[in-house]
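What follows is one structure encoded as structure tokens, with my remarks underneath.
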Amino acid sequence: MMAVRLFVLLLFVLTSFRGSISIPPHDEVARMARYIVHESDWCSMATIPTQESIQGLPFSNVFSVSDGPLEKGTGGPYLYLTPLEISVHDIQANPQVSPAMTLAGTDYCSKQKFDPQSPLCCRVILSGRILAVNSTEIDVAKEALFSRHPAMPDWPHDHGWYFAKLNITNIWVLDSYGGIKTVTPQEYYKIKG
Ligand SMILES: *[C@@H]1O[C@H](CO)[C@@H](O)[C@H](O)[C@H]1NC(C)=O
Ligand SMILES: *[C@@H]1O[C@H](CO)[C@@H](O)[C@H](O)[C@H]1NC(C)=O
């Protein structure tokens, strides 16, 4: 009898885990930040605009991003940029940016019926500077981006695409009720990907 009960309990536990998406516990904020960054294939990214018409006003745009091949995240978001792009004009004048990534970009929030603005629809906001990737790191950046964005190698070859990365200086995480939390880059990079 006991064995049957245990078996039923085990079956229940197994079936309730199967199909559910496992996100890190809400109190492990640095892990949550790494999780969101790794899961994200794209971000919204604010730059400081150079456009005459919006001097001193915010400007955000959408970018493809990858911190590494699936299950091999580095925490460091890589980007593939062209100097022809409007936000890249800003980055060339001032590399300070603020990307935001959300699990609304995955199917987590819709499956859980969390509105994108709900604190339960976990998101991370970063601040930092865009750096060009040097020759020793290019292979890592290329594998990170091209494995997650198979269209990238075919982007117009005369556009001067280059690999870049974000040097993260500030991290904010909203992953539950009770307000936004901060994580230091040290805490963030300590987490194993
Ligand atoms: C290239 O960048 C990596 C990571 O930032 C760094 O560890 C390495 O020393 C750099 N190599 C060169 C040649 O600058
Ligand atoms: C990256 O940011 C850190 C501050 O978090 C700074 O100390 C470091 O010099 C920056 N690295 C580069 C290459 O700009």
Side-chain angles (χ1 to χ4, degrees), residues 24 26-51 56 58-103 105 122-150 152-153 155 157 159-175 179-193:
H26 293 298
D27 54 351
E28 295 185 31
V29 191
R31 257 186 82 198
M32 180 61 85
R34 284 290 294 268
Y35 178 80
I36 300 167
V37 168
H38 182 62
E39 289 296 304
S40 299
D41 289 330
W42 60 272
C43 65
S44 162
M45 187 163 78
T47 51
I48 299 166
T50 45
Q51 297 173 70
F59 186 72
S60 61
N61 198 342
V62 171
F63 285 88
S64 293
V65 71
S66 170
D67 83 330
L70 283 174
E71 315 301 333
K72 286 196 233 162
T74 62
Y78 290 105
L79 301 106
Y80 198 40
L81 303 176
T82 165
L84 303 177
E85 209 278 332
I86 190 166
S87 298
V88 178
H89 296 170
D90 302 340
I91 289 167
Q92 285 172 336
N94 184 340
Q96 202 70 47
V97 297
S98 179
M101 301 169 194
T102 162
L103 292 186
C122 313
R123 79 202 72 155
V124 62
I125 303 166
L126 305 172
S127 182
R129 293 163 76 85
I130 295 289
L131 306 172
V133 166
N134 69 28
S135 55
T136 41
E137 205 180 347
I138 275 186
D139 287 342
V140 176
K142 193 174 189 172
E143 197 200 356
L145 285 160
F146 288 10
S147 66
R148 308 268 300 259
H149 300 280
M152 277 181 175
W155 287 358
H157 290 164
H159 281 21
W161 297 101
Y162 65 97
F163 295 101
K165 66 175 177 180
L166 180 70
N167 188 20
I168 301 173
T169 52
N170 300 77
I171 304 165
W172 294 265
V173 177
L174 187 64
D175 68 347
I180 204 154
K181 294 168 268 193
T182 57
V183 174
T184 66
Q186 290 77 10
E187 292 163 338
Y188 176 83
Y189 282 112
K190 248 195 306 195
I191 304 293
K192 288 211 174 72

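The residues of the chain are indexed from 1 along the displayed sequence. What's counted below: heavy atoms across the whole structure, side chains too, no hydrogens, waters or symmetry copies. All ligand and atom numbering here is 1-based and tracks the order in the structure. Because the structure is a prediction, the values reported are computed rather than measured.
Between the NE2 atom of His159 and the CG atom of Leu81 there is a distance of 13.0 Å, given to the nearest 0.5 Å.
Under the 3.5 Å distance criterion, the side-chain polar atoms of Thr47 are left unmatched by any main-chain donor or acceptor of Pro49. At least one donor-acceptor pair closer than 3.5 Å links the side chain of His89 to the backbone N or O of Pro83. The closest donor-acceptor contact from the side chain of Ser98 to the backbone of Ala46 lies at 3.5 Å or more, if one exists at all.
For ligand 1 and Lys165, the ligand atoms under 4.0 Å from any heavy atom of the residue are 4 (C), 5 (O). Near Asn167, meaning under 4.0 Å from any of its heavy atoms, are these atoms of ligand 2: 1 (C), 2 (O), 3 (C), 8 (C), 10 (C), 11 (N), 12 (C), 14 (O).
Taking only nitrogen or oxygen atoms, main chain and side chain alike, Thr169 does not reach within less than 3.5 Å of ligand 2.
Ring-plane geometry between Trp161 and Tyr80 is classed as parallel, the angle between the planes falling under 30 degrees on a 0 to 90 degree scale with a further cut at 60.
In this structure, atom 5 (O) of ligand 2 has a protein heavy-atom contact shorter than 4.0 Å. Remark: atom 9 (O) of ligand 1 lies closer than 4.0 Å to no protein heavy atom.
At the shortest separation from atom 13 (C) of ligand 2 among protein heavy atoms lies Leu131 CD1, 3.7 Å. Among all non-hydrogen protein atoms, the one lying nearest atom 3 (C) of ligand 1 is Asn134 ND2, 3.7 Å.
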Audit row: Asp90, Thr50, side-chain hydrogen bond (donor to acceptor under 3.5 Å, both in side chains) steps and yes/no: CA-CA 5 Å; Asp90 302 340; Thr50 45; 2.7 Å; yes
